[in-house]
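This report concerns only the one structure given below.
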Number of protein chains: 2
Amino acid sequence: MSSMEDQVRRRLGERGVRYTPHRRAVVTALARADGPRSAAELRDDIGDSIPVSSLYRSLGVLERAGVLTPHLGSRDVIRYELAEWISGHHHHLVCIDCGSVEDVTVPSPVESEVRSLVAGIAGGSFTPLAHTLEIEGRCARCA
Amino acid sequence: MSSMEDQVRRRLGERGVRYTPHRRAVVTALARADGPRSAAELRDDIGDSIPVSSLYRSLGVLERAGVLTPHLGSRDVIRYELAEWISGHHHHLVCIDCGSVEDVTVPSPVESEVRSLVAGIAGGSFTPLAHTLEIEGRCARCA
DNA sequence: TTCCTTGCAAACGATTTGCATTGGA
DNA sequence: TCCAATGCAAATCGTTTGCAAGGAA
C-alpha cells in the first residue's frame, strides 16, 4: 500500500473513522485524477456499485476529516480533490466552455511570489489561510 | 443617471435587450455590494416585490449580455457580481466559516506581476483569458 | 400586432436525510 | 454487543421552465 494511502488511513484512524472500501475507492479515484471530480464523475470511474447516497456520505466524511477539499468553481456541482497536504499545493485551469478543471503546479520561486502577494493583499482584518489562482480560459479540446 | 448605468443600458441596447426596472434593481444592488451576491441575498436587498423566477431570469439575461459574472466559489449558491469591464479587476477574500465573499483590489504593480505569472503558468495548450486569486481565510466577524 | 417580459406554479436535479439493516472491532 | 457504515427511498432546496397574461414598440 502506498504511503499516501497510509497517510489517509492514519488521519482517519486518529479521528475514529474507518477506511472502508467505498472511501478508499473515492480516494484512489481522486488520486488518479488530474483535477477535481464531481460525484457523478467519480461514479463513472468507480462504477454504480456505490449507491449515490453512500458516495455523498463518503465525500462528506472525507471532507470533514480533512482528506478532501471541495472545489466550488463549477456550476451546479461540487467537485472534490485531495487536500493539499496530500496532493501538494497547486492552482486551477478552468475551461469556460466545457467547465473542466485541471490542476497546475507552478515553479516554487513563482509560488513564493504568489504567497507574498497574498500576505500583502489581505492586509487588514482578514486572516488568509490558503489561496488558489483560478485561471479561466479555453482548454485544448475546446480551443 | 450615472455613467455606469449608461454603459449597461447601451450594452443591453446593442443586443436588443431592455433595461427594465427589475434588471436595473439587480444591477444597482450589485453596484452597491462589496462582493458577489446570491439570488437570496439580492432578494433581501431588493425586496419580495421581485418574484424568484423573475430574479433568476434577470440574472440569466444580464449574465448572457456580459453585464454580470457568476462567482462559483460558494457552496450551493451562485453569487453574481458586475462584470470586470464595469467594476474593475479584483480578487476575492472568501471566509471559510461564514462563506461570505469580499472583493479586494491589488496595487497595479502587484497586479501586473500576477498577470505575468498567469501568462507563464498556463503555458501549453490552455489559453488563459481571465484569472482570480481566491484567498480563503477568516473574515473579521468570524475571527 | 408582434415580440419581449412577467408571474405563478410545476418541474428539475444535485445533494441530503430518515430509517431499518449490515458488518466490523 | 455496540456503534459506525450502508442502501434504499423520500425529502430538500436552489434553480429552471411551461404557459398564460401584461407591456412596450
Side-chain angles (χ1 to χ4, degrees), chain A residues 8-27 29-30 36-65 67-81 99-101, chain B residues 8-27 30 36-65 67-81 98-101:
Chain A
V8 171
R9 181 186 298 284
R10 183 176 324 118
R11 175 112 182 185
L12 293 179
E14 285 166 0
R15 310 185 174 221
V17 175
R18 289 184 213 151
Y19 196 35
T20 66
H22 280 346
R23 291 167 190 175
R24 188 194 298 218
V26 168
V27 168
L30 287 176
R37 291 289 180 269
S38 67
E41 290 163 346
L42 286 171
R43 207 140 178 277
D44 286 341
D45 287 359
I46 299 174
D48 296 4
S49 54
I50 184 172
V52 186
S53 61
S54 297
L55 212 205
Y56 280 107
R57 272 197 268 244
S58 290
L59 292 172
V61 166
L62 293 169
E63 181 190 350
R64 257 168 271 124
V67 172
L68 302 187
T69 309
H71 178 258
L72 305 169
S74 311
R75 209 159 183 141
D76 291 332
V77 297
I78 303 177
R79 289 192 160 98
Y80 285 90
E81 57 188 348
S100 66
V101 184
Chain B
V8 171
R9 179 185 300 283
R10 184 176 324 120
R11 175 115 183 184
L12 294 180
E14 285 165 1
R15 309 184 176 222
V17 175
R18 290 184 213 151
Y19 196 33
T20 66
H22 280 346
R23 292 168 188 174
R24 187 195 299 219
V26 168
V27 169
L30 287 176
R37 292 289 180 268
S38 67
E41 291 163 346
L42 286 171
R43 208 140 178 276
D44 286 342
D45 287 0
I46 299 174
D48 296 4
S49 54
I50 183 173
V52 186
S53 61
S54 298
L55 212 204
Y56 280 107
R57 271 197 268 243
S58 290
L59 293 172
V61 167
L62 293 169
E63 181 189 351
R64 256 169 271 124
V67 172
L68 303 187
T69 309
H71 178 259
L72 306 168
S74 311
R75 209 162 182 137
D76 290 334
V77 298
I78 304 176
R79 289 193 160 98
Y80 286 90
E81 55 188 349
C98 68
S100 66
V101 184

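Residue numbers begin at 1 in each chain, while the letters A, B, ... track the order of the sequences. As the structure is a prediction and not an experimental result, all values here were calculated from the model. Note that these values count all heavy atoms, side chains included, but never hydrogens, waters or copies made by symmetry.
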Rounded to whole angstrom units, what separation is found between the CG atom of A/Asp48 and the P atom of D/dT6? 17 Å
Nearest whole angstrom, please: distance from the C1' of D/dA5 to the CZ of A/Arg23. 6 Å
Backbone of B/Arg18 reached by a side-chain donor or acceptor of B/Arg23 within 3.5 Å: yes
To the nearest Å, give me how far apart CG (A/Leu62) and C1' (D/dA4) are. 14 Å
Nearest heavy-atom contact between B/Pro36 and B/Glu81 is CG-OE1, 3.6 Å
In the 5'-to-3' direction, what one-character label does each nucleotide of nucleotides 15-25 of chain C receive under the scheme B = base within less than 4.0 Å of a protein heavy atom, S = sugar-phosphate only, - = no such atom? BBBB----BS-
Per the end-axis method with five pairs at each terminus, what is the bend angle of the helix from C/dT1-D/dA25 to C/dA25-D/dT1, to 10°? 20°
In whole Å, I'd like the distance from the CD1 atom of A/Ile50 to the P atom of D/dC8. 12 Å
Give one of base, sugar-phosphate or nothing for A/Val17, where a contact means two heavy atoms less than 4.0 Å apart. sugar-phosphate
Derivation and outcome, side chain to side chain contact (heavy atoms under 4.5 Å, CB included), residues A/Leu42 and A/Ile50: CA-CA 10 Å; A/Leu42 286 171; A/Ile50 184 172; over 6 Å; no
Could you tell me how far apart B/Arg64 (CZ) and D/dT16 (C1') are, to the nearest whole angstrom? 11 Å
A/Leu59 has an atom CG; how far is it from atom P of D/dA5, in whole Å? 14 Å
Just wondering, do A/Val27 and A/Tyr19 contact through their side chains at under 4.5 Å, heavy atoms? yes
A/Leu62 vs A/Leu12 side-chain heavy atoms within contact, under 4.5 Å: yes
Separation of B/Arg43 atom CZ from C/dG7 atom P, in whole Å? 11 Å
Distance check needed: D/dA4 C1' versus A/His22 NE2, whole Å only. 13 Å
